[in-house]
Structure formats: C-alpha cells, structure tokens
2 protein chains.
Amino acid sequence: MQQRHPVTIVDVAQRAHVSAGTVSNALTGKRPVSAATRERVLRAIEELGYQPNLLARSLVNRSSNTLGVVAYGLEYYGPSRTLVGIEQQAAELGYSLLLDLLHRPDRQDVDAVLDELTARRVDGIIWAVHEVGDNHVWINEQRLLALPPMIFLTMERRPGASIVSTDNRAGAALATQHLIDAGRRTIGVISGPPTWWEVRERIAGWRSALDAAGLDASDALVAEANWTATAGEVALQALLARRPDVDAIFACNDQMALGALHYCHASQHRVPEDISIVGFDNTPESAFFWPALTTVRQHLAELGRVAVDELHGQIERRVQGREAATPTTRALQPELIVRESSGRRTRTAA
Amino acid sequence: MQQRHPVTIVDVAQRAHVSAGTVSNALTGKRPVSAATRERVLRAIEELGYQPNLLARSLVNRSSNTLGVVAYGLEYYGPSRTLVGIEQQAAELGYSLLLDLLHRPDRQDVDAVLDELTARRVDGIIWAVHEVGDNHVWINEQRLLALPPMIFLTMERRPGASIVSTDNRAGAALATQHLIDAGRRTIGVISGPPTWWEVRERIAGWRSALDAAGLDASDALVAEANWTATAGEVALQALLARRPDVDAIFACNDQMALGALHYCHASQHRVPEDISIVGFDNTPESAFFWPALTTVRQHLAELGRVAVDELHGQIERRVQGREAATPTTRALQPELIVRESSGRRTRTAA
DNA sequence: CAATTTTCTTAAAACGTTTTAATAATTCGA
DNA sequence: TCGAATTATTAAAACGTTTTAAGAAAATTG
C-alpha cells in the first residue's frame with residue numbers, strides 16, 4: 001500500500017513548534033497542555049490533515065481497541081441479527097470489529113482463527129458459533145487463560161467460560177404451555193438436529209411443560225429435521241404417519257414451521273383447527289405466513305449487545321489487574337408472540 | 001490489555017543464537033536463510049510459542065492486510081449473504097476484515113467511518129451500502145483519490161468509482177417477460193422506495209419489457225411499498241382498487257411478494273389463476289410460500305466475492321505504482337426461478 | 001526576592017517488527 | 001590455494017506512536 005497519509009505526528013509537532021510528545025498529550029489529554037499550545041497543535045493538525053496511525057498507537061499501548069467476532073451462519077436470520085447488535089454496542093463503546101466467519105459449525109480451523117485474532121492483538125473475542133456436536137471441546141479453563149477475554153454465545157456451561165444465551169428451555173416451555181392452554185393434548189415437536197445444544201434445550205423445555213401437565217412427551221412425538229422448511233415438511237408428514245392423533249406442533253424454528261404449514265395445506269389439514277402450530281424465532285416473514293405464525297421471539301440484537309457489554313467489563317477488569325475475572329453466565333428471556341396458527345382464527349383481510 | 005504473549009522476536013532470536021533480522025527472514029522467506037539456522041529458528045519458535053505481532057509488522061510494512069467493509073442492513077437477506085461472500089474471498093486471499101455497519105442508509109457519519117478505517121490503515125474498502133436518496137453524493141473522483149482503493153456495491157456509475165452490482169434491469173425484465181410469455185396482459189409492479197437506485201433500475205427493466213411487448217406500463221401500474229410484507233399487502237390492495245384488471249404482479253422483493261400473496265388469500269383472488277406473482281431475491285423461504293414463489297435469483301455471495309477480487313486487483317496495481325488504477329464496473333446477471341405462483345399449478349403434497 | 005512547589009515541555013527510550021548497508025562465511029573456478 | 005563471486009548473517013535504522021525521567025518555566029509561598 002502506498003501511503004496516502006504521509007503526515008505524521010512529528011510533522012504536526014514541527015509545524016506547531018512543539019515536541020511530538022506534546023502533540024500526543026494534546027490529543028489524548030493524558031497529561032496537561034497549556035491552552036495556548038493546544039490551540040497551536042490543533043491548528044497544525046487541521047492544516048496538515050493529520051490522522052493518527054492507529055497501528056502505531058496500538059503497538060505502544062498494547063491494546064488495539066478491537067474486538068474479534070467469530071461467527072457461523074451469517075446467512076441465517078439469528079446470527080445476522082446478533083451481529084448487528086454486537087456491532088452497535090461495540091461502536092458505542094469505541095471498539096472496532098474484526099470479523100471471522102466459520103463456514104461450517106464443526107471443529108475445523110479454530111486454532112488458525114484464534115491465532116489470527118491474537119496476532120492482531122484484539123482486546124477480546126466474541127465466539128458466536130453455536131454449539132453443535134463436539135465443536136466446542138477445545139474450550140477449557142486452561143486454554144481460556146492463554147487467550148484474551150472471551151464471551152461465548154449459545155453454549156452449555158463450561159468451567160471458566162463466560163456465556164450469553166437465550167433461555168431456550170424457557171422459550172420452548174412457553175410455546176408448549178400455550179398450546180396446552182389452548183386445549184391441545186397431543187403436541188409433537190419438529191426439532192432441529194439434536195447435535196445442536198439449543199435443540200436439546202428446546203426439546204427439554206417442550207418435555208418439561210408436557211410432563212408438568214401430565215401429557216405424553218414420548219420420543220415418538222419428536223420428529224427431527226435440519227432447520228429447513230423442506231425438512232420441516234417431511235418431518236411433519238412422518239410424524240403424522242406415526243401419530244395421526246397429533247393436534248399441535250411446536251417447531252424449533254420458523255422455517256420448519258413454514259414447511260409444516262405447507263404440508264398441512266397440501267394434505268388438507270386445517271391450521272389451527274386440526275393442527276395448531278407454533279414456531280421459534282419470530283422472523284419478519286412469520287407474521288405473513290398463512291395463517292400468521294405464533295412463535296417465540298428471541299431478543300437477538302440484545303443478545304449481541306449484552307455480549308459486548310460483558311466482554312467490555314471483562315477487558316476492563318483484566319486491565320485493572322484482577323487477573324481471574326470470574327466468568328459469568330447470562331440467559332435472556334424470550335417471549336411468546338401469539339398469532340393465528342395456534343388459536344382462534346381472528347385475522348381477516350387487511 | 002495485559003500481554004498474554006510477551007514473547008517477542010528477539011526472544012526467539014536469542015534462543016536460536018541468531019539475530020532478529022534472521023528470524024524475520026526465516027519467517028517471511030523474503031531473503032535466504034540456511035537450512036540449519038531455519039531449523040533452529042523454527043524450533044525456538046515452537047518451544048517459546050512465539051506469535052508475530054501483526055500490528056508491528058503492519059506498521060513497518062505500511063500495509064495491514066486488512067479490508068474495511070462498510071455495510072447497511074445486515075439483518076436482511078441480501079446484505080448478509082453478500083457479506084458471507086466477501087468474507088470467504090477475503091479469507092481466501094489472506095485478508096482480515098474490519099466491519100462497520102451503518103444503521104441507516106442515509107448520509108450520516110460517512111466521514112467518521114472512513115476516518116476510522118484509514119486510521120487503521122486498511123488496504124482497501126468495500127462500500128456495501130445501497131444507494132438511496134443522496135447518500136452517495138460524497139463520492140467523487142477527487143475524494144476517492146485521497147482514499148485507499150474502494151469498491152462500491154450496487155450503485156449508479158460515477159466517474160472514478162469501481163462498482164460491482166447485480167444487473168437489476170435485466171432481472172426485472174426477465175421476470176416481466178416471463179409473465180408476458182405466460183399470457184398476462186396487465187402487469188403491475190410492487191416497487192420498493194424509488195429513492196433506492198435498485199428500485200429505479202428494476203422499474204426500468206419492468207417498463208422496458210412491457211414497452212417492447214406493446215403493453216401498458218403506465219405509472220398507475222406501479223405501487224410503491226417499503227420492502228416489507230406488510231407494505232406489499234397494502235400496495236396490492238391499493239393497486240387493485242385502482243386497476244381491477246391487473247392479472248400479474250412483479251414485486252421488487254420476495255417479502256413484498258409474500259405480502260401480496262397474503263392479500264390474495266384474504267381477498268379470495270386465486271394465485272396464479274387470477275393473479276400471477278413474481279418476486280425478486282429467491283430467499284430460502286420463497287420456495288415454501290403458498291403457492292411457491294417464482295422469483296429472480298441474485299448471486300449475492302458471488303457479488304461479494306467478485307468485489308473482493310476486484311479490490312484485491314486494485315490494491316496490487318496501486319502497489320506496483322501504477323497510480324491511476326482505472327475504475328471498473330461489473331454487472332452480475334441474475335436468473336429466473338420459475339415456481340408455482342406464476343404459472344401452471346403443478347406441485348402436489350410432498 | 002529566594003525558595004519551593006506546581007505546571008508544562010522535551011529528548012530519548014520504548015513498542016515489535018522489517019529493511020538496509022555492511023560484513024562474514026561459503027562456494028567456485030582457475 | 002587464491003581471489004572473486006555468491007550466500008548468510010548482523011547491527012542499526014526505520015515505522016509512528018506513547019511514556020518516562022528530567023528539566024524549564026511559571027506560580028506560590030514566607
């Protein structure tokens with residue numbers, strides 16, 4: 001790269017008849033500078049169009065004011081919303097973001113990614129890769145101590161790790177309870193791949209609500225799918241073949257709920273009369289499914305913001321010298337959005 | 001930030017009984033090092049767990065191996081897909097990504113964002129903010145010369161600016177022609193906000209196809225909406241009130257198409273028999289709308305990849321010293337995905 | 001007004017690399 | 001075996017900041 005900005009702090013210093021250190025002080029305000037010289041310095045900066053080189057500053061400060069974000073599945077609704085939240089709060093706190101995407105959720109090149117981020121001396125890292133299979137086995141107390149402060153999104157508790165996550169169990173229970181309250185008695189679940197931690201949590205939530213109500217929560221009522229609408233459609237078909245008495249479905253995301261809706265249309269099951277359906281995520285489209293989908297809303301952007309806040313706190317604490325920043329776990333409560341697919345049919349043409 | 005990696009290149013040098021310069025050479029391979037010493041150096045690195053400080057390296061190299069990405073609307077399908085493509089290709093070429101999001105597409109703090117990126121000495125910038133209203137007025141040849149190489153996504157040609165974009169005009173023409181071929185004669189358009197450049201392009205494509213076929217393309221046939229399903233629903237209602245003879249709709253995105261579908265259901269218009277509908281984007285859900293949506297597929301990830309390739313080329317060229325890298329413009333061709341909402345009804349229960 | 005204190009400035013030393021210019025160690029013909 | 005040519009290595013000088021330790025100037029005392 002050719003230098004576009006060859007004007008350096010000593011250029012400014014010369015022009016202001018002052019030393020480089022003084023320019024630095026005037027700029028950062030870390031030590032006092034007389035009003036007169038500050039004035040001169042600022043004018044020189046203005047006139048020369050000086051822009052501090054953040055790389056040099058980071059080098060000597062041993063802090064880059066940068067956070068690393070490692071994410072997976074940005075093409076999906078949840079992760080991209082969360083990233084927006086992360087970016088907002090990071091900008092708010094004055095951090096820049098270094099983005100790394102994994103193209104598969106499984107193990108792969110975790111080390112390469114972490115090396116790159118630490119080589120760039122990020123102040124902290126947000127690991128926004130969902131826990132699936134054993135892709136998180138590398139995380140342990142020992143390893144974490146050798147890394148900058150980290151926050152993990154959406155994973156099971158682990159010693160030494162700070163976690164921010166939606167309370168998936170509560171969300172699923174909310175959905176299931178709503179169906180129970182509406183008088184449904186045989187409530188199936190269309191799950192995502194059970195290798196995903198969130199899926200297991202959501203199934204657990206579904207089961208706990210049914211158990212509490214004394215209803216059937218046997219494995220025959222869970223149909224696995226892979227998050228896609230196509231799979232949701234197939235899953236419902238299989239489930240109904242097994243249990244024709246199913247009168248409600250809790251789908252672990254809105255897309256699979258959409259597939260289920262699609263199947264109901266095609267097979268002449270009325271929704272919600274014959275089969276009630278509840279989704280998860282509250283994607284923007286879900287209100288426009290036919291019928292409009294009842295679903296569970298996660299606060300995705302908030303998730304990102306909270307993660308950055310936590311990370312910021314940890315960074316500050318480590319700077320203070322209190323080495324063993326105690327890890328924290330935060331669970332965000334989701335909420336139920338009731339629409340037509342689960343209850344009385346109220347909506348009419350706009 | 002406390003230093004996690006206090007081990008520096010001179011530590012390695014000492015341990016390998018060699019000078020720092022030699023370690024550097026062994027590592028970068030920029031000048032020859034004897035096999036024996038290289039061996040010793042590599043072992044020392046291994047033993048000490050040395051990791052080069054990329055900030056220091058960037059400082060002296062005057063190049064950070066980093067690209068800045070400025071994006072808007074990551075929570076939507078298109079931008080997030082494109083970002084994925086950008087990241088993939090950037091990783092491929094060895095760049096890290098510095099991400100900045102604008103939270104509104106309009107003018108706002110462009111300068112602050114650019115300053116931050118140049119202060120971090122990015123090698124190039126991808127401006128992935130759609131052109132809406134006058135948010136791109138700041139872009140001119142003069143200004144661009146003072147900035148690192150840039151690629152703009154989805155905007156009108158401007159002197160001195162390199163652009164990568166989908167051929168929206170062609171995509172809209174494709175959709176419209178398809179409806180014409182299916183025998184439709186009164187084809188309305190549900191447009192996004194005409195302040196958006198892409199929207200104007202898509203309307204132009206729609207109009208050109210109709211003009212070529214000698215069909216009505218009057219303003220009464222265009223209904224403005226704001227990209228959302230809600231607005232699409234309302235727009236169709238208004239359009240039908242004005243022109244009850246409409247027998248087909250080209251919606252400028254899938255969400256508005258979804259809203260239109262929704263309105264048709266609610267108002268007892270059959271799709272595609274009474275009204276055929278074509279969308280734009282080919283979101284994953286679109287295949288599961290009821291009926292499945294015919295739509296135009298943009299190659300969004302490809303868009304991002306191409307942008308990075310172009311940028312990489314410009315960076316290389318500028319390094320070579322050929323200062324005035326001639327700006328380039330590339331248009332990616334979209335394709336039509338025919339499903340049920342526009343034609344014969346073929347799909348049955350899965 | 002001299003003796004302190006306080007407030008500003010500064011030159012020089014970091015920060016952790018790469019590159020330059022010079023030197024030392026090889027290899028190679030003759 | 002001797003220079004000449006090549007190949008490896010190094011010490012020192014960048015890169016553009018901040019910080020340290022010290023000194024100068026100004027303000028405050030008695």
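Letters A, B, ... mirror the listed sequences (proteins, then strands); counts begin at 1. Predicted model only: the values in this text are computed from it and were never measured.
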Looking at [Y] and [X], is there a salt bridge between them, counting it only when a charged N and a carboxylate O are closer than 4.0 Å?
{"X": "A:Arg158", "Y": "A:Glu131", "value": "yes"}
{"X": "A:Arg104", "Y": "A:Asp109", "value": "no"}
{"X": "A:Arg305", "Y": "A:Glu302", "value": "yes"}
{"X": "A:Arg143", "Y": "A:Asp111", "value": "yes"}

Would you call the rings of A:Phe152 and A:Trp127 parallel, tilted or perpendicular, where under 30° means parallel and over 60° means perpendicular?
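Rings of A:Phe152 and A:Trp127: tilted, 30 to 60°.
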With heavy atoms under 4.0 Å as the rule, sort B:Thr28 into base, sugar-phosphate or nothing.
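Sugar-phosphate, backbone atoms only, no base.
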Euclidean distance, atom [atom1] of residue [X] to atom [atom2] of [N] [Å, nearest integer]:
{"X": "B:Ile9", "N": "C:dT17", "atom1": "CD1", "atom2": "C1'", "result": "6 Å"}
{"X": "B:Arg62", "N": "C:dT17", "atom1": "CZ", "atom2": "P", "result": "18 Å"}
{"X": "B:Leu54", "N": "C:dT17", "atom1": "CG", "atom2": "P", "result": "9 Å"}
{"X": "B:Arg57", "N": "D:dG16", "atom1": "CZ", "atom2": "P", "result": "18 Å"}
{"X": "A:Asn61", "N": "C:dC15", "atom1": "CG", "atom2": "P", "result": "13 Å"}
{"X": "A:Arg120", "N": "C:dG16", "atom1": "CZ", "atom2": "P", "result": "17 Å"}
{"X": "A:His17", "N": "C:dC8", "atom1": "NE2", "atom2": "C1'", "result": "18 Å"}
{"X": "A:Asn53", "N": "C:dC15", "atom1": "CG", "atom2": "P", "result": "18 Å"}

Give the dot-bracket line for DNA chain C from 5' end to 3' end: parentheses for intra-strand Watson-Crick or G-U pairs under 3.5 Å, square brackets for crossings, | for inter-strand pairing, dots for unpaired.
||||||||||||||||||||||||||||||
Ring centers of A:Tyr72, A:His103 separated by less than 6.0 Å
no
A side-chain contact here means heavy atoms from C-beta on lying under 4.5 Å apart; do B:Leu98 and B:Val69 qualify?
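Not in contact.
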Looking only at side-chain atoms of B:Ser19, point me to the closest of D:dG16, D:dT10, D:dT18.
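Comparing D:dG16, D:dT10, D:dT18 against the side chain of B:Ser19, the answer is D:dT10.
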Can you tell me if the side-chain N/O atoms of [X] get under 4.0 Å from OP1 or OP2 in [N]?
{"X": "B:Thr22", "N": "D:dT10", "answer": "yes"}
{"X": "A:Asn25", "N": "C:dT10", "answer": "no"}
{"X": "B:Ser24", "N": "C:dT18", "answer": "yes"}

Start with the C-alpha gap between B:Glu75 and B:Ser80, add the side-chain angles, then the distance that decides, and say whether side-chain hydrogen bond (donor to acceptor under 3.5 Å, both in side chains) holds.
CA-CA 7 Å; B:Glu75 56 270 48; B:Ser80 59; over 6 Å; no
List for me each residue that meets ring pair (Phe, Tyr, Trp, His ring centres under 6.0 Å) alongside B:His299, sequence neighbours excluded, and say none if there are none.
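B:His299 satisfies ring pair (Phe, Tyr, Trp, His ring centres under 6.0 Å) with no residue once adjacent residues are dropped.
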Could you check which residues of residues 30-46 of chain A get a heavy atom under 4.0 Å from DNA chain D? Sort them by number, please.
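Under 4.0 Å from DNA chain D: A:Lys30, A:Arg31.
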Considering heavy-atom distances to DNA chain D, does B:Val18 or A:Pro52 have its closest nucleotide positioned more toward the 5' end?
B:Val18
